[in-house]
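We count residues from 1, following the sequence as given.
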Amino acid sequence: MTLEDYLAQDAQLYPDKTAVICGSPLGDEPVETLTWAQLWEKVQQRAKDFPSGKVIPFRSSQTTDFLITYLAIHLAGSVATPLEKATPENLFEEISARLSACSFPEGTADVLYTTGTTGKSKGVMISHRTIVADAENLIAGQGFSHDLVFVIHGPLNHIGSLSKIYPIILQGGTLHILDGLRNAEAFFEAFKAEGKYATFFVPANIRFLLSFDAQRFAALADRLDFVESGGAPLSHADMLQLCEVLPHTRLYNTYASTETGIIATYDYNDGRCLAGCLGHTMPHSRVLITPEGLISCQGDTLMSGYIGDPELTATVLHDNTVYMSDYGSIDEEGMLHIGGRESDVINVGGYKVAPTEVEDVAMSIKGVQDCICISTEHRIMGKAVKLLVVMKDGAVFDKKAIARYIAARLESYKVPQLYEQVASIARTYNGKLDRKHYQ
């Protein structure tokens, strides 16, 4: 079955149940609500507007129209390619022309463009089989259910938020789509009604809510069934604080990417709160660690390849395995642990420093609001570790105190040699640390 087969099934089994809510009464646009029967009818009608066997790019938006268009392209027998909403017209036309000349394997559902934080943005081909496997992984790993309302506020052209549509359709649950977190009142309003809720955050959003809205976040404790984070490492300090704020909520740290699909997840509100742990693999996935210590993934959730670039595909995907650039290990319980990206590792006098490890410790310092660990030139060592820090309002920036704190918790070669207070940390539009900005 495809996602659209499950949608048709939902319309038959639960015709009057709310399928999607879009917007908030506290937002600028009126709230729109569709039942499963209404959504299926609109998707069937929209599918008539699209040809079959084509790659169809369209701009992403946090609307019911996005959802209808995305599903309708599939139903028409074409490949959906959601692009960033703010994509300039000339770039949109360039991508459209490039895609129209590309071939794709039978069964391809989507082409999703990566954010490009580790290089040039790439068009990743995702199959219908992969979409359903991702959905089944999330259902098994996190307990998506028929009575769940999942609140989506992240961009729907990337796997983090887009993938949450899949299990909701398989289970006949309810989606509530919001346009980001700029309107905090609208976000909290989404959880006002009685019910069972879940949501997904990138770590930067969790840090924001814990810093400015922790009490209101805690007030959702009796309704939040689970919260998932992904897309970037979540600091151990934020993990611990979230466990305190939401003591009875399942809190998942997930390993996933556009290329691999949804691979593993860990409920760190298990009484141990293991830093860097990403849990056990899900039913359709397997993880191996290469001799170099890098993570590789197998299973039904893998991409089909990069569209129009078989040479690049071969460097990452071969022997039915996607080879990642993340260092990792598997513990005695069979759980995956991540150790930072290969390209981010800083070589200091022959010692390798994972910046995420330094950032994780620095974020546990009481007065630190945000930080990034970067490489800088050193006249003797060649490379040195530098820490850029954003302090909380009223907190004093004390280089020596920060250095002593880190030195008490990490090996000496991992302690930054240089410290600088900055007003903000560069991040990509979806909240990841933008390390390329400092190169």
Chemist: Please tell me if the side chains of D65 and R46 come closer than 4.5 Å, counting only heavy atoms from C-beta onward.
Modeler: yes

Chemist: Passes salt bridge (charged side-chain N to carboxylate O under 4.0 Å, His left out), D10 versus K17? Steps please.
Modeler: CA-CA 9 Å; D10 291 337; K17 184 177 187 292; over 6 Å; no

Chemist: How about F58 and Y70: are their ring centres within less than 6.0 Å of each other?
Modeler: no

Chemist: For I159 and I126: C-alpha separation, side-chain torsions, deciding distance, then whether side-chain contact (heavy atoms from CB on, under 4.5 Å) applies.
Modeler: CA-CA 10 Å; I159 193 71; I126 307 296; 5.7 Å; no

Chemist: Among side-chain atoms of N137 and S285, is any donor-acceptor pair under 3.5 angstrom?
Modeler: yes

Chemist: Are L148 and F226 close enough that some pair of their side-chain heavy atoms sits under 4.5 Å apart?
Modeler: yes

Chemist: Is there a side-chain contact between K366 and K392 (heavy atoms, below 4.5 Å)?
Modeler: no

Chemist: If you define the side chain from C-beta out and look only at heavy atoms, does anything of V124 sit under 4.5 Å from Y113?
Modeler: no

Chemist: Among L388, V389, V422, I425, find the one that has a side-chain contact (heavy atoms from CB on, under 4.5 Å) with D370.
Modeler: I425

Chemist: Run the salt bridge (Lys or Arg N to Asp or Glu O under 4.0 Å) test against E359 and tell me which residues pass, sequence neighbours left out.
Modeler: R435

Chemist: Around atom NE2 of H248, are there more than 12 heavy atoms of other residues, nucleotides or ligands at under 6.0 Å?
Modeler: no

Chemist: Could you list all the salt bridge (Lys or Arg N to Asp or Glu O under 4.0 Å) pairs where at least one residue sits in residues 131-147, not counting sequence neighbours?
Modeler: D147-K196

Chemist: Could you check if a side-chain atom of F150 sits within less than 4.5 angstrom of a side-chain atom of Q171, using non-hydrogen atoms only?
Modeler: no

Chemist: Could you go through the side-chain hydrogen bond (donor to acceptor under 3.5 Å, both in side chains) check for T254 and E228 one step at a time?
Modeler: CA-CA 7 Å; T254 298; E228 184 194 20; 2.7 Å; yes

Chemist: Report yes if some heavy atom in the side chain of L178 is under 4.5 Å from a heavy atom in the side chain of V151; otherwise report no.
Modeler: yes

Chemist: Taking salt bridge (Lys or Arg N to Asp or Glu O under 4.0 Å) as the cut-off, I'd like each qualifying pair that reaches into residues 287-310, sequence neighbours left out, listed once.
Modeler: R129-D300

Chemist: Tell me, please, which residues at least two apart from T321 pass side-chain hydrogen bond (donor to acceptor under 3.5 Å, both in side chains).
Modeler: Q298

Chemist: Looking only at the side chains, is there a donor atom on one of T199 and H153 sitting less than 3.5 Å from an acceptor on the other?
Modeler: yes

Chemist: Considering residues at least two apart in sequence or located in another chain, which fulfil the side-chain hydrogen bond (donor to acceptor under 3.5 Å, both in side chains) criterion with E185?
Modeler: R216

Chemist: To the nearest 0.5 Å, how far apart are CZ in F201 and OG in S229?
Modeler: 10.0 Å

Chemist: Just verifying a value: how many Å separate Y327 OH and E357 CD, rounded to the nearest 0.5 Å?
Modeler: 13.5 Å

Chemist: Is the backbone N or O of T313 less than 3.5 Å from a side-chain atom of H318, with the two atoms forming a donor-acceptor pair by type?
Modeler: no

Chemist: Take H146 and Y14 through the test ring pair (Phe, Tyr, Trp, His ring centres under 6.0 Å) and record every step on the way to the result.
Modeler: CA-CA 10 Å; H146 177 66; Y14 326 113; 4.3 Å; yes

Chemist: K386: what forms a salt bridge (Lys or Arg N to Asp or Glu O under 4.0 Å) with it, not counting sequence neighbours?
Modeler: E420

Chemist: Could you list all the salt bridge (Lys or Arg N to Asp or Glu O under 4.0 Å) pairs where at least one residue sits in residues 169-181, not counting sequence neighbours?
Modeler: D179-R182

Chemist: Please enumerate all residues that pass salt bridge (Lys or Arg N to Asp or Glu O under 4.0 Å) together with E4, with sequence neighbours excluded.
Modeler: none

Chemist: Output all residues satisfying salt bridge (Lys or Arg N to Asp or Glu O under 4.0 Å) with E194, sequence neighbours left out; order by chain, then residue number.
Modeler: R223

Chemist: Measure the shortest side-chain to side-chain distance between I68 and L34 over non-hydrogen atoms and say whether it is less than 4.5 angstrom.
Modeler: yes

Chemist: Check the surroundings of atom NZ in K192: do more than 12 heavy atoms from other residues, nucleotides or ligands lie under 6.0 Å from it?
Modeler: no

Chemist: Using a cut-off of 6.0 Å, state whether more than 12 heavy atoms not belonging to D393 lie near its atom CG.
Modeler: no

Chemist: Tell me the salt bridge (Lys or Arg N to Asp or Glu O under 4.0 Å) pairs involving residues 258-280, sequence neighbours left out?
Modeler: D270-R272, R272-E333

Chemist: Does a donor on one side chain and an acceptor on the other come within less than 3.5 Å for Q142 and T265?
Modeler: yes

Chemist: In Å and rounded to the nearest 0.5 Å, what is the CG to CG distance from N183 to L26?
Modeler: 6.5 Å

Chemist: E32: which residues meet the side-chain hydrogen bond (donor to acceptor under 3.5 Å, both in side chains) condition with it, sequence neighbours left out?
Modeler: T64

Chemist: Are any non-hydrogen side-chain atoms of D360 and S235 less than 4.5 angstrom apart?
Modeler: yes

Chemist: Crowded around D222 CG? As in, over 12 foreign heavy atoms under 6.0 Å?
Modeler: yes

Chemist: List for me each residue that meets side-chain hydrogen bond (donor to acceptor under 3.5 Å, both in side chains) alongside E89, sequence neighbours excluded, and say none if there are none.
Modeler: R59

